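Atoms within each ligand, like the ligands themselves, are counted from 1 in listed order. Keep in mind that this is a model prediction, so the values were computed, not measured.
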Amino acid sequence: QAKREGRDRVSEFSVEQMRDLEDRLVMGNQLRDAIRRGELELHYQPQYRATDRRLTGFEALLRWNSGQLGQVPPGRFIPIAEALGLMPEIGEWVLDAACRQLRAWLDHGHRDFTVAVNMSAQQLQRPGLAAQVGAALQQHGVPAAMLDIEITESSFMENVWRVQRTLAELKALGLQLSLDDFGTGYSSLAYLKQFPIDKLKIDQSFVRELPADAADAAIVRTIIAVAHELHMHVAAEGVATQAQADFLAAAGCDELQGNHLGPALNVEQAGERFGVGRA
Ligand code: C2E
Ligand code: MG
Ligand code: MG
Ligand code: MG
């Protein structure tokens, strides 16, 4: 009996694994042509200053509207893109699209905002990234200070010296660097000293249970204190309730982002957020 159960469990597991593999293969094949087919799109999630809820900018978030698979969330397709080596090309598309949009908003007369672009660990490993970013800024006539590049701590796991040089080159362009998902994964306070980071983004896992969870409250207050001591800004992501926003603002968090203030919006909806003081 035990033997039979064991075998069933094994075969069940394999079926699931097979499906997963199949999904990945189909997704990979579709992803190869996504750019050419025009299936990629950037959505923009507003970011607000905590004190007065003034719009400070947007984070560009990649969306894949696959003709065959429908909407695929970035958490699913980006790891596959990375595994297939498609991320440099996709990343370049993202950078170009974000700079083009930034320019369009400038041309509409909007001022004093930033656009944040996410960069995967793999992108930071490739030499020539800063030159690519510099070229995109120049091509679209975008001031570097309006671009914010979000990196994660996982970028520091390999070839630290190369990442360090790339970040120094990016900073030399005059843009802003943010450390995304801060506090998860491979956090080390040494990174904060070693890399030219302007802003820490508190990971949403620490925000979710606020303000009730005492441990999360303590962690969030500590991250804010560390950031400020090191002359960095601090933002919270995944702010989903008024109580979270109030707690974070009272704790001195500089910026808020999350569904309570506004979800990721398409270009038209994002454009309408300018001048709207409060989400
Ligand atoms: P991230 O950079 O940490 O982006 C924040 C994620 O949290 C986004 O998910 C956003 O839609 C979601 N979010 C915002 N507010 C809330 C909220 O109140 N509650 C909850 N539960 N979630 C909220 P999304 O768009 O699915 O992106 C997931 C991740 O995919 C991003 O996490 C980022 O790591 C990656 N990603 C997205 N676009 C790009 C890109 O262009 N390039 C790269 N390399 N990675 C990207
Ligand atoms: Mg991000
Ligand atoms: Mg994040
Ligand atoms: Mg994330």
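No side-chain donor from either of Q244 and H260 sits under 3.5 Å from a side-chain acceptor of the other. In this model, no donor atom of one side chain and acceptor atom of the other lie less than 3.5 Å apart for Q47 and D148.
In this structure, A264 has no heavy atom closer than 4.0 Å to ligand 1. Note on ligand 1: H43 sits outside its first shell, no heavy atom being nearer than 4.0 Å. Judged by the shortest distance from any of its heavy atoms, R63 lies inside the 4.0 Å radius around the atoms of ligand 1. Ligand 1 has no atom lying under 4.0 Å from any heavy atom of Q257.
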Next item on the list: Show your working on side chain to side chain donor-acceptor pair (under 3.5 Å) between E237 and Q257 and close with a plain yes or no.
Entry: CA-CA 5 Å; E237 31 179 25; Q257 178 182 343; 5.1 Å; no
Next item on the list: Would you check, one step at a time, whether the test side chain to side chain donor-acceptor pair (under 3.5 Å) holds for Q30 with Q68?
Entry: CA-CA 8 Å; Q30 295 299 307; Q68 188 168 326; 2.9 Å; yes
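Taking 4.0 Å as the cut-off between side-chain N and carboxylate O, R54 and E255 do not count as a salt-bridged pair.
Taking a cut-off of under 4.0 Å to the non-hydrogen atoms of G258, the atoms of ligand 1 that pass are 15 (N), 18 (O). For ligand 1, the atoms closer than 4.0 angstrom to any heavy atom of I78 are 35 (C), 36 (N), 39 (C), 43 (C), 45 (N), 46 (C). The atoms of ligand 1 that sit less than 4.0 Å from any heavy atom of Q123 are 44 (N). In the vicinity of V94, heavy-atom distances shorter than 4.0 Å reach the ligand 1 atoms 41 (O).
Using a 30° and 60° split on the angle between ring planes, F195 and F156 fall in the parallel class, below 30°. Ring planes of F113 and W105: perpendicular class, angle over 60° (limits at 30 and 60°).
When the options Q204, K201, Q244 are ranked by their closest heavy atom to atom 7 (O) of ligand 1, first place goes to Q204. Comparing P74, A97, G75 by heavy-atom distance to atom 26 (O) of ligand 1, the nearest is P74. If you check each of T241, L40, L61 against atom 8 (C) of ligand 1, the one with the closest non-hydrogen atom is L61.
Between L147 and Q176 the shortest side-chain heavy-atom distance does not fall below 4.5 Å. Using a 4.5 Å heavy-atom cutoff, the side chains of I35 and W93 are in contact. Taking 4.5 Å as the limit, some side-chain heavy atom of F247 sits within range of a side-chain heavy atom of V220. At least one side-chain heavy atom of L42 sits less than 4.5 Å from a side-chain heavy atom of V94. Side-chain contact between E59 and N118 is present, with at least one heavy-atom pair separated by less than 4.5 Å.
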Side-chain donor/acceptor pairs under 3.5 Å, residues 125-146, sequence neighbours excluded:
| residue | atom | partner | partner atom | Å |
| --- | --- | --- | --- | --- |
| Q125 | OE1 | N159 | ND2 | 3.1 |
| Q125 | NE2 | E158 | O | 2.9 |
| H140 | NE2 | D96 | OD1 | 2.8 |

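Residue contacts with ligand 1 for D181 involve side-chain atoms from C-beta outward but no N, CA, C or O (heavy atoms, distance under 4.0 Å). Residue H260 does not touch ligand 1, judged by heavy-atom distances below 4.0 Å. With a 4.0 Å cut-off on non-hydrogen atoms, V239 touches ligand 1 through its backbone and not its side chain. Contacts between Q45 and ligand 1, counted as non-hydrogen atom pairs separated by less than 4.0 Å, involve the side chain only. The backbone and the side chain of N118 each have at least one atom closer than 4.0 Å to an atom of ligand 1 (non-hydrogen atoms only). Residue contacts with ligand 1 for S120 involve both N, CA, C or O and side-chain atoms from C-beta outward (heavy atoms, distance under 4.0 Å). Proximity of D180 to ligand 1, defined as any heavy-atom pair under 4.0 Å, is confined to the side chain (atoms from C-beta onward).
At least one N, O or S atom of N118 sits under 2.8 Å from the Mg ion (ligand 2). The Mg ion (ligand 3) lies under 2.8 Å from an N, O or S atom belonging to E237.
The minimum distance between the Mg ion (ligand 2) and any N, O or S atom of E150 involves atom OE1. The atom of D181 that is an N, O or S and sits closest to the Mg ion (ligand 3) is OD1.
The angle subtended at the Mg ion (ligand 2) by OD2 of D180 and OE2 of E59 is 180°, given to the nearest 10°.
Between L42 and ligand 1, a contact under 3.5 Å exists for no N or O pair.
Every pair passing salt bridge (charged side-chain N to carboxylate O under 4.0 Å, His left out) that includes a residue from residues 65-86 is listed here, sequence neighbours excluded: D23-R76.
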